[in-house]
Each structure stands twice: as C-alpha cells, then as structure tokens.
Amino acid sequence: MPELPEVETIVRDLAPRLEGRTLRAPRLFKSDVLRRVSRRRLLETIRRNRIEEVSRRAKHVVFLFKSGHRLVIQPRMTGSLLVYDRRLTPEERRYVVLQAGLAGGGTFAYRDVRRLGTMWLLDEAAWRAYTARIGPEPLARDFDAAAFGERLTGTRQAIKKVLMDQRRLAGVGNIYANEALFRAGIDPSRPANRVGSEAAARLYEAVRAVLGEAIAAKGTTFRDYRTGTGRKGGFQFVLDVYGRGGEPCHRCGTILQTTHTIDGRATTFCWRCQAA
DNA sequence: ACGAGGTCCTGCGAGC
DNA sequence: TGCTCGCAGGACCTCG
C-alpha cells in the first residue's frame with residue numbers, strides 16, 4: 001500500500017526514466033479511476049506532451065507536462081507505476097489501467113488490481129487548489145517539531161487517526177503510523193490533545209526516522225507494492241509492529257495486540273511499551 | 001467539530 | 001470441490 005516512502009521510491013525510479021520523454025499512443029483500459037476528467041481529454045492532453053518532471057506530493061505521483069498540465073496518480077492500495085525497457089508479459093498486462101509507449105523505446109504502465117487508485121488532470125490553478133488541501137510534507141527541511149505539534153495536537157481525536165489525516169500531515173498511512181507510535185512509545189488511541197509536548201517531539205522524530213529508513217529500504221512490500229522498476233521493497237523485514245499482532249514485542253517481549261477500534265483500521269501496538 | 005459508518009474495488013483465505 | 005462471506009484499506013461522503 002503505497003504511502004510516502006513507497007511513492008518516493010517509485011518517483012525516484014520513474015524520474016530519470018521519464019523526464020524529458022514523450023508518451024506515445026497512451027491507452028486507458030479502465031476509466032473508473034478518472035476524477036473530473038474524461039478519457040478523451042486525458043489522452044489528448046498527455047499524448048505527445050513532453051514530461052518535464054516526475055515528483056511526489058504526499059502519496060501522489062505528479063507528472064508535470066510541457067503544456068503545464070499535471071497528471072496526478074494516487075496508487076492507493078494496489079496501484080503500481082512501472083517503466084519497462086521491454087514489452088509487457090501477458091501477466092504484467094493484467095490490471096493495467098494506463099499504458100503508453102515512450103518515444104525512444106520502453107513502456108510506461110499504471111497497474112491497479114483493485115482500482116481504488118485515482119487519476120487527476122490538473123491545470124496550474126487546479127493544482128494549486130489540490131495541493132493546498134494537503135498538509136505539510138513531514139520530511140521537508142522547514143517542518144520542525146513545533147510545527148508538527150501545532151498541527152497535530154489541537155484535537156481530541158486519537159493520535160493515530162490524526163497522524164493519518166492527510167489534511168494535517170502528508171503521506172503517513174497505516175503502516176508508518178503504527179511504526180512511529182511504537183517507536184515514540186505512545187498509545188495510538190490517546191487523544192491528540194493529551195499527547196504532551198515531550199511525547200509530541202518524540203513522535204515527530206519517530207515519524208521522520210521511520211519514513212527516512214523506509215525510503216532507504218525502498219518501501220514495504222506486503223503484497224502488491226512494487227518499485228518503479230518492479231522490485232519488492234525491503235522494509236517489511238524490519239517492521240516492529242505492523243502485521244505482527246500476536247507476536248512478541250521487539251523491545252520487551254510482550255505479545256503485541258491488534259485492534260480495529262481506531263477509525264476501523266488495524267492498529268497493532270505493545271500495551272506495555274505504549275502505555276497510556 | 002466530532003464520531004460512526006458506508007462506498008469504491010478485487011483477490012484471498014476461512015468456513016461450511 | 002465449490003460456494004459464500006468477510007476482510008484488506010485510503011480518501012471521500014453522508015448522517016446524527
């Protein structure tokens with residue numbers, strides 16, 4: 001499930017392979033992923049339109065075209081964006097949503113088994129409105145612990161839900177929210193406004209550290225996630241809590257618990273290390 | 001402003 | 001073996 005580190009990995013693979021190049025004969029196989037754009041306008045806009053830049057915003061991949069339009073793809077659960085230097089195999093062609101040849105050789109494909117992913121085509125003004133609705137990037141240099149505390153502790157919602165709220169903070173999803181809360185030793189269900197400034201500072205550091213380490217490991221592959229070149233990530237091997245319910249805590253040996261009481265999502269934690 | 005719950009989508013594993 | 005059912009979950013929506 002691509003969160004910030006996975007999308008960052010995808011973008012780092014895609015950017016050198018796509019920037020300065022042109023999509024040839026793009027084909028859209030499923031149109032239910034489109035948001036506020038018709039299939040026809042999408043294809044007409046991106047065809048023979050040079051890709052100037054591939055970047056990441058939160059969990060979204062952003063393709064900036066020479067025309068000034070941006071194609072924004074949110075892979076959500078099962079989406080993958082890939083560049084191949086060969087033809088796709090029949091197995092790889094399954095679940096392809098958008099595919100295009102590259103001028104000069106190669107193929108770009110967006111695959112998405114469940115198609116919970118979305119695609120937007122935005123002009124400059126629409127992009128500004130789009131990005132303004134999303135919270136700050138947690139790894140940005142100018143995003144400090146004070147800004148983090150200010151944005152995240154002003155509500156009595158559970159701190160885990162707040163961490164994952166894209167309007168408050170960009171890019172953190174279920175995996176890294178669980179991991180960061182474990183590292184910071186904070187009960188995921190604790191109301192955000194009852195997380196003290198010391199704990200909030202620990203959480204800020206934990207979020208940045210876990211995201212940075214996950215990027216270095218090229219993301220977490222549980223099932224579907226692949227890098228931009230089709231490889232699996234490596235962070236699944238070092239997770240402390242996510243997916244480890246019923247197993248012993250890496251720090252104290254207590255059996256980790258999983259609940260679904262926070263926003264209906266799987267939350268795994270150590271009641272001893274993350275005591276209220 | 002907040003919480004709860006529905007919706008989208010398909011594969012997979014459990015249970016009968 | 002073959003069926004149904006519930007779950008996975010991020011973002012968005014409505015309702016109370």
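Nothing here was measured: the structure is a model prediction, and the numbers come from that model. Each chain gets a letter, A, B and so on, in the order the sequences are listed, and its residues count up from 1.
Summarising the hydrophobic clusters (Ile, Leu, Val, Met, Phe, Trp, Tyr; side-chain heavy atoms under 4.5 Å, direct or chained), the residues clustered with A/W127 are A/V62, A/V72, A/W120, A/L122, A/Y130, A/I134. Its side chain within the 4.5 Å cluster rule, A/L88 clusters with A/F29, A/L82, A/Y84, A/V96 among the Ile, Leu, Val, Met, Phe, Trp and Tyr residues. Applying the 4.5 Å side-chain rule to ILVMFWY residues, one finds A/F182, A/V241 in the same cluster as A/L256.
Taking the ring-ring contact (aromatic ring centres under 6.0 Å, His included) definition, one finds that A/F65 meets it with nothing, sequence neighbours left out.
For the pair A/I262 CD1 and B/dG3 C1', the interatomic distance rounds to 13 Å; values are reported in whole Å. To the nearest angstrom, P of C/dA11 lies 12 Å from CZ of A/R133. A straight line from CD1 of A/I134 to P of C/dG10 spans 15 Å, rounded to a whole angstrom. Put simply, CE on A/M77 is 5 Å from C1' on C/dA8, counting in whole angstrom units. Counting to the nearest Å, the C1' atom of B/dC8 and the CG atom of A/L34 are 15 Å from each other. As rounded to whole Å, 12 Å separates atom P of C/dA11 from atom CH2 of A/W120. Here the P atom of nucleotide C/dC12 and the CZ atom of A/R35 are 9 Å apart, to the nearest Å. Per the geometry, CZ belonging to A/R265 stands 16 Å off P belonging to B/dT7, to the nearest Å.
A/Y242 contributes no side-chain N or O that, together with a main-chain N or O of A/A266, makes up a donor-acceptor pair within less than 3.5 Å. A donor-acceptor pair under 3.5 Å is formed between the side chain of A/Q274 and the backbone N or O of A/I186.
Contacts between residues 154-172 of chain A and DNA chain C, counted as heavy-atom distances below 4.0 Å, involve A/M164, A/Q166.
Side chains of A/T221 and A/Q236: a donor-acceptor N/O pair is absent below 3.5 angstrom, by distance only. A donor-acceptor contact closer than 3.5 angstrom is absent between the side chains of A/S80 and A/R226.
Applying the 4.0 Å criterion to OP1 and OP2 of C/dC7, one finds that A/H260 has every side-chain N and O outside that range.
Aromatic rings of A/F108 and A/F63 (six-membered ring for Trp) have centroids within the 6.0 Å cut-off, being under it.
Heavy-atom distances to DNA chain B give each of A/R76 and A/T261 a nearest nucleotide, and the one nearer the 5′ end belongs to A/T261.
Residue contacts for A/Y242: at a heavy-atom cut-off of 4.0 Å it reaches the sugar-phosphate backbone alone, with no base atom in range.
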*Tell me, for nucleotides 9-14 of chain B in 5' to 3' order, what letter each nucleotide earns: B for a base near a protein heavy atom under 4.0 Å, S for only sugar-phosphate near one, - for neither?*
BBSS--

